[in-house]
Amino acid sequence: MKEILVATKNRGKVREIADLLAPFDIKVISLLDCGPMPQIIEDGLTFRANAAKKAVVIAQHTGRLVMGEDSGLEVDALGGRPGVHSARYAGEGADDEKNNDKLIMELSGVAAEKRTARYRSAIALADKDQLVDVVEGACEGIIDTERRGTNGFGYDPLFIVPSRQKTFGELPLSVKQTMSHRANALRQFLKILEQYFLLR
Ligand code: ITT
């Protein structure tokens, strides 16, 4: 069975990526299954740059086939913030609760029609020591004034999917997996993965 190491410690991401790759006979492992790894400094200005860095650093260290994923939320009323800083929006070491509290606070008083946002995901493939390719996906939404639902992770309880009038916190994972930024990027990723396996 083919195996890919996902260069992440985020359990929410691992769950979604493993679920999306399940039909393709690819075993997914993550940094949560590995011993000590080099620290990855996420200092890129774009999701693409950070995804590539995660993949290459871990591929160089392990000699394996590695996927790096970098994602975040761009809120229009905040000029695109928190963007690449989404995981640490409320400060270094901040958790989802603190990040959501800060988002609710920063958007207080912003009218419904100005609460537009999107999730973005970049996914990179690296093999041993070189970058193979990077792909991207996005998902448009509206930021709610209060949390709704407990599904998903990160900003999902605040992220309303306009076509459903519900947050990803309220919708089942099976629905998120048909439309999320990560699912959209992963569809592209599967094409580069297929090419990669064909060329080997
Ligand atoms: P790794 O670097 O180990 O992959 P991380 O959580 O630090 O884990 P990122 O740097 O890519 O990952 O930050 C992504 C953040 O963006 C994540 O912590 C959430 O706050 C938010 N985010 C990304 N995708 C999301 C999703 O599908 N649902 C909710 N929030 C999401």
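Position 1 is the first residue of the sequence; numbering continues from there. Order of appearance sets the numbers: ligands from 1, and atoms from 1 within every ligand.
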What are the atoms of ligand 1, with element, lying closer than 4.0 Å to any heavy atom of [X]?
X      : value
Lys176 : 26 (C), 27 (O), 28 (N)
Glu42  : 2 (O), 10 (O)
Lys54  : 1 (P), 2 (O), 4 (O), 9 (P), 10 (O), 11 (O), 12 (O)
Asp70  : 9 (P), 10 (O), 11 (O)
Ser86  : 15 (C), 16 (O), 20 (O)
Asp156 : 26 (C), 28 (N), 29 (C)
Thr8   : 1 (P), 3 (O), 4 (O), 8 (O)

>> Looking at Tyr155 and Ser86, would you say the former's side chain and the latter's main chain have a donor-acceptor pair under 3.5 Å?
In response: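 Confirmed, Tyr155 side chain pairs with Ser86 backbone.
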>> Looking at Tyr89, is its backbone amide N or carbonyl O close enough to the side chain of Lys102 to form a donor-acceptor pair, meaning the two atoms are under 3.5 Å apart?
In response: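 Yes; judged by distance alone, with no hydrogens or angles, the pair exists.
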Nearest protein heavy atom with distance in Å, relative to [atom]:
atom                    : result
atom 3 (O) of ligand 1  : Lys9 N, 3.0 Å
atom 30 (N) of ligand 1 : Tyr155 N, 3.2 Å
atom 24 (N) of ligand 1 : Arg182 NH2, 2.9 Å
atom 18 (O) of ligand 1 : Ala87 CB, 3.5 Å
atom 8 (O) of ligand 1  : Asn10 CB, 3.5 Å
atom 23 (C) of ligand 1 : Ser71 OG, 3.2 Å

Are [X] and [Y] within salt-bridge range, i.e. N to O under 4.0 Å?
X      : Y      : value
Arg148 : Asp144 : yes
Glu69  : Arg182 : yes
Lys176 : Asp156 : yes
Arg64  : Glu3   : yes
Lys53  : Asp43  : yes
Glu106 : Arg81  : yes
Glu97  : Arg147 : yes
Lys54  : Asp70  : yes

>> Below 4.0 Å, non-hydrogen atoms only: which portion of Tyr89 touches ligand 1? Side chain, backbone, both or neither.
In response: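 Within the 4.0 Å criterion, Tyr89 makes no contact with ligand 1.
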>> Under 4.0 Å, counting heavy atoms only: does Gly152 come that close to any atom of ligand 1?
In response: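 Heavy atoms of Gly152 never come under 4.0 Å of ligand 1.
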Decide whether an N or O pair under 3.5 Å exists between [X] and ligand 1.
X     : answer
Asp96 : no
Lys13 : yes
Arg88 : no

> Is the CD atom of Glu140 crowded by more than 12 outside heavy atoms at less than 6.0 Å?
Replying inline: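 It does: Glu140 CD has more than 12 such atoms within range.
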